[in-house]
Amino acid sequence: MPTQFTHFHPHGVLMTRQSPSARSEPECDAHSDTVQHRLSEAVVDLSAVAHNTRILAARSRGAALMAVVKADGFGHGAVQVARTALAHGATWLGAASTPETLELREAGITAPILGWMRLPREDVTGVIRQDVDLSAASLAHLAGIAACAEKAGIPGAVHLEVDTGLGRNGAGTVDWPRLLEAAAEFERRGLLRVRGIWSHLVHPDDPRHAGVAGQVDAFETAVSQARAAGLRPEVLHLANSAAALAAPDTHYDLVRAGLGLYGVEPVRGESFGLRPAMTLRGRVIMSRRVEAGTGVSYGHEYVAERPTSLALVPLGFADGLPFRASRSAEILVGGARRRVAGRIAMDQCVVDTGDDQIAVGEDAVVFGPGDKGEPTAAEWAEWAGTVPHEILTGVGPRVPRRYLHADAPAVAPKDTRTRVVVLFGGPGGEHEVSCASAAGIVGHLDRSRYAVQPVRITRAREWVPGPSDFPEGACTAAGLTDVTPSRGMGAGDSLRAVLPHLASADAVVPALHGPFGEDGTVQGLLEAANVTYVGNGVSASTIAMDKDATKHILSSVGLPVADWTLLRGGDSTLSEAQRLRLGLPAFVKPARAGSSIGVTRVESWEDLGAALGSARSWDTKVLVEEAIHGREIDIAVLEHPDGRLEAGPPLEIAVHDGRPFFDYEAKYGDTAASYTIPAQLDEDIAKQLQRMAVDVFEALNCSGLIRVDFFLRDGVQPVVNEVNTFPGFTAASQYPRIWAAAGLSYERLLDTLITTAITRTGSPAAGLAAR
């Protein structure tokens, strides 16, 4: 075998000379491809990026995840990391400079991108046209974006950055109100849209630091000031990787993951199972034995204490090995960690391999995941007295990147369940009743067949979506309210944000009672958005909510109703003829308030004024109605998917505790009323009530369901009292009780209502719901 002598060339070039008997052709490596002949490479494991993205997304607890890919993806490759992160749970991208954001767009990436570093007068016209969001923390930056947006003819999307304590590049306490005022003016002019508000944490590796609470308070104050200025930001973000993992109070709408995405544990002293994605390696290009006392590298700061072997690695501080780590760093060579001998130079370093003489071409692993004994980037940061970010981003451009591609995201079995949104709450007087009805519905929907999302409408008309797949099991009104907390967005902004949730549902169940929910208001919105929903349409809901209109229509088709007179506006007196016709006692009712709210039983006409005042606190349109002496009977009507109408067995209501009538407290109290199903009635009367209830359904052009409340005057003559287009729906409510007595369980009742709604609109989900 020919003898080969290997030594250092003064300029670091590998030189060889061979004995005359050596072959003239070059020796071939066992792996002759280009990759194997590289002196160094950074191997980026995109499956680790995917793994880390999934962990961060899961820990974000409902907040969206931004993958921060600035500095060429922390040295890993911005485009490759961005695509991987977006495929595994991220929905936003973050970058610093304009070229970084445009590189992502030029690569065909369409996800939302935020860019935050530029000169105030930089021309960002092209960035705006590429649908990139821009940060602004000063009036100059904001005005610059507005000017470019005007030139582009497209409103610029901005995120206003507030300084909550970092003292770096957010707007401070004095400047923040001025920035908000300017932003509101630019919005009014149609030049900008304030899409987000954001800030940075002071202690990036200590999300539980005592100062975080103060920053959260400062951030929320800044957001409140923005809303007071008329701004309606859609996205609030404060959390970094560490806070995403360990500080849920900082999550808001979006968390920004940088360091954690690349596998460096961002919370000091804690591990969350992240996997480092980059391995930096070189190949030994020379090895030799030296005697004790041999000085190594510049300045001979390292001197061999005994005979030893040295290996030359073609990586230096131009490639990412920090000079400051020279005295303590280690590299994995020949299966063991070896200390760096002497100063790290610009493009090479030497390691002491002791008694092991390393073959030329052997791998030298500078850092990696650490699972094979190699150092990690975090260890190199400690040796250099710096942070892991600097180690990763310091890997120079002359080090080629090689990518180990992530597996395609695991394709979960397609969720074939029917997607149901349950709307509840509302600004009316029956907010709590609606919450209770929704809890009953959410708790009884079979999760093997339905994916259920609650959406609450607050008293202030803010629309608040809950979890998109609410878990199965017992559900309470308080529990539903807890998962739909107010964000202070206001009616309009929150509605715009929630519309995609409604539009993506196979069916919406508007479990709303009284004005705003049961009067056609929400039904009209759903119709306009082409959303399939359970129950009655706009006209039936509107008419049935108006007791006066209902009486006119029912009496016009020959259905008996209690006699009444209507008082509008400020009318407060009845003629003597009207008083004689109605008689005493009489009932005073708001025409359009629903469920016994504002109803007063008047025993003397002297009490009429007070009763009218109570009713008019709910509605300007008031009925004075004759009192019917007799039994109170409810009939439930259900529409089946084939269009068939079925009336349930009659339910009789008995009021206790000396109450004069079935008022609001009696309806929703625990002991004030009792129900008998089926009511003890003559068979002919029971059938007559059922036929009349179906007639009411058809006369009002109803859909899905109604409950008709009757009086039996003197125990024998039916009189229609009231029509409920979405009656109470707790398990204890009359409507589910009636159908349970008929042998139709709460679960099957919901199946029927949902399938009927879907079938009526011809949705493909009809078959799924009907299974």
Side-chain angles (χ1 to χ4, degrees), residues 40 42-44 48 52 68-78 81 94 96-97 100 117 166-169 200-207 209 240-243 245 256-272 274-282 297-299 301-302 313 315-332 337-351 364-370 374-399 401:
S40 63
V43 180
V44 179
N52 301 332
V68 177
V69 294
K70 61 183 180 180
D72 195 29
F74 284 51
H76 294 65
V81 169
S97 68
E100 289 177 335
M117 194 70 66
L166 184 61
R168 197 173 67 181
N169 55 336
H200 278 86
L201 293 172
V202 174
H203 302 278
D205 61 351
D206 188 4
H209 189 279
N240 62 353
S241 289
L245 293 168
R256 306 184 303 268
L259 190 62
L261 194 71
Y262 305 98
V264 178
E265 294 288 353
V267 182
R268 191 188 320 152
E270 295 187 45
S271 175
F272 294 86
L274 303 178
R275 286 166 39 195
M278 181 186 287
T279 299
L280 177 61
R281 67 191 340 148
S297 196
Y298 295 119
E301 294 176 3
Y302 185 92
V313 177
L315 288 166
F317 54 74
D319 307 299
L321 279 61
F323 178 82
R324 288 165 296 181
S326 296
R327 297 179 182 275
S328 51
E330 297 175 350
I331 296 176
L332 184 73
R337 286 195 183 200
R338 319 286 184 168
R339 184 179 174 186
V340 172
R343 292 183 189 175
I344 294 172
M346 181 178 288
D347 47 23
Q348 58 194 280
C349 64
V350 180
V351 293
V365 183
V366 177
F367 62 77
E374 75 276 13
T376 63
E379 287 180 278
W380 271 87
E382 290 181 13
W383 294 329
T386 185
V387 291
H389 315 53
E390 183 178 349
I391 302 302
L392 295 174
T393 58
V395 178
R398 71 179 182 180
V399 178
R401 270 59 169 180

Q: Quick one: do E270 and L245 satisfy side-chain contact (heavy atoms from CB on, under 4.5 Å)? Show the steps, please.
A: CA-CA 10 Å; E270 295 187 45; L245 293 168; over 6 Å; no
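- Shown here are the salt bridge (Lys or Arg N to Asp or Glu O under 4.0 Å) partners of R168, two or more places apart in sequence or in another chain: there are none.
- Within the 4.5 Å cutoff, no side-chain heavy atoms of V387 are placed close to those of L259.
- The backbone N or O of S97 lies less than 3.5 Å from a partner atom in the side chain of E100, making a donor-acceptor pair.
- For P207, the side-chain contact (heavy atoms from CB on, under 4.5 Å) partners at least two apart in sequence or on another chain are A242, A243, A246, A247, V267.
- Across V43, D319, L321, a single residue satisfies side chain to side chain contact (heavy atoms under 4.5 Å, CB included) together with L280, and that is L321.
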Q: Please assess V68 against L261 for the test side-chain contact (heavy atoms from CB on, under 4.5 Å), listing each intermediate value before the final yes or no.
A: CA-CA 8 Å; V68 177; L261 194 71; over 6 Å; no
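- Here the side chains of C349 and I331 are in contact, with some heavy-atom distance below 4.5 Å.
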(Q) Set out, in order, the CA-CA distance, both residues' side-chain angles and the distance that settles side-chain contact (heavy atoms from CB on, under 4.5 Å) for I391 and W383, then state yes or no. (A) CA-CA 11 Å; I391 302 302; W383 294 329; over 6 Å; no
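- In terms of modelled atom types and a separation under 3.5 Å, the side chain of R268 and the main chain of P266 share no donor-acceptor contact.
- What you find for L332 and R337 is that their closest heavy atoms are CD1-N, 3.7 Å.
- Residues A364 and V313 share a closest heavy-atom pair of CB-CG2, 3.7 Å.
- Across all non-hydrogen atoms, the minimal contact from V69 to Y262 is CA-OH, 3.5 Å.
- Closest of all the heavy-atom pairs between W380 and P322 is CE3-CD, 3.8 Å.
- Between R327 and R339, the shortest heavy-atom contact is O-NH2, 2.8 Å.
- Within the 4.5 Å cutoff, no side-chain heavy atoms of L201 are placed close to those of H209.
- Residues forming a side-chain hydrogen bond (donor to acceptor under 3.5 Å, both in side chains) with T386 (at least two apart in sequence, or on another chain): E390.
- Take T393 and apply the side-chain contact (heavy atoms from CB on, under 4.5 Å) test, not counting sequence neighbours, and it matches A71, F74.
- Side-chain atoms of R401 come within 3.5 Å of backbone atoms of G75 as a donor-acceptor pair (strictly under, hydrogens ignored).
- Applying the side-chain contact (heavy atoms from CB on, under 4.5 Å) criterion to P204, with sequence neighbours excluded, gives N240.
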Q: For V366 and S40, run side-chain contact (heavy atoms from CB on, under 4.5 Å): C-alpha distance rounded to whole Å, both residues' side-chain angles, the deciding distance at 0.1 Å, then the answer.
A: CA-CA 10 Å; V366 177; S40 63; over 6 Å; no
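- Summarising the geometry, atom CD belonging to E374 is positioned 9.0 Å from atom CZ belonging to R281; distances are rounded to the nearest 0.5 Å.
- For the pair S297 (side chain) and G342 (backbone), a donor-acceptor distance under 3.5 Å is absent.
- Of all the heavy atoms in G282 and L315, the pair that sits closest is N-CD1, 3.7 Å.
- For R275, the side-chain hydrogen bond (donor to acceptor under 3.5 Å, both in side chains) test picks out S47, with sequence neighbours left out.
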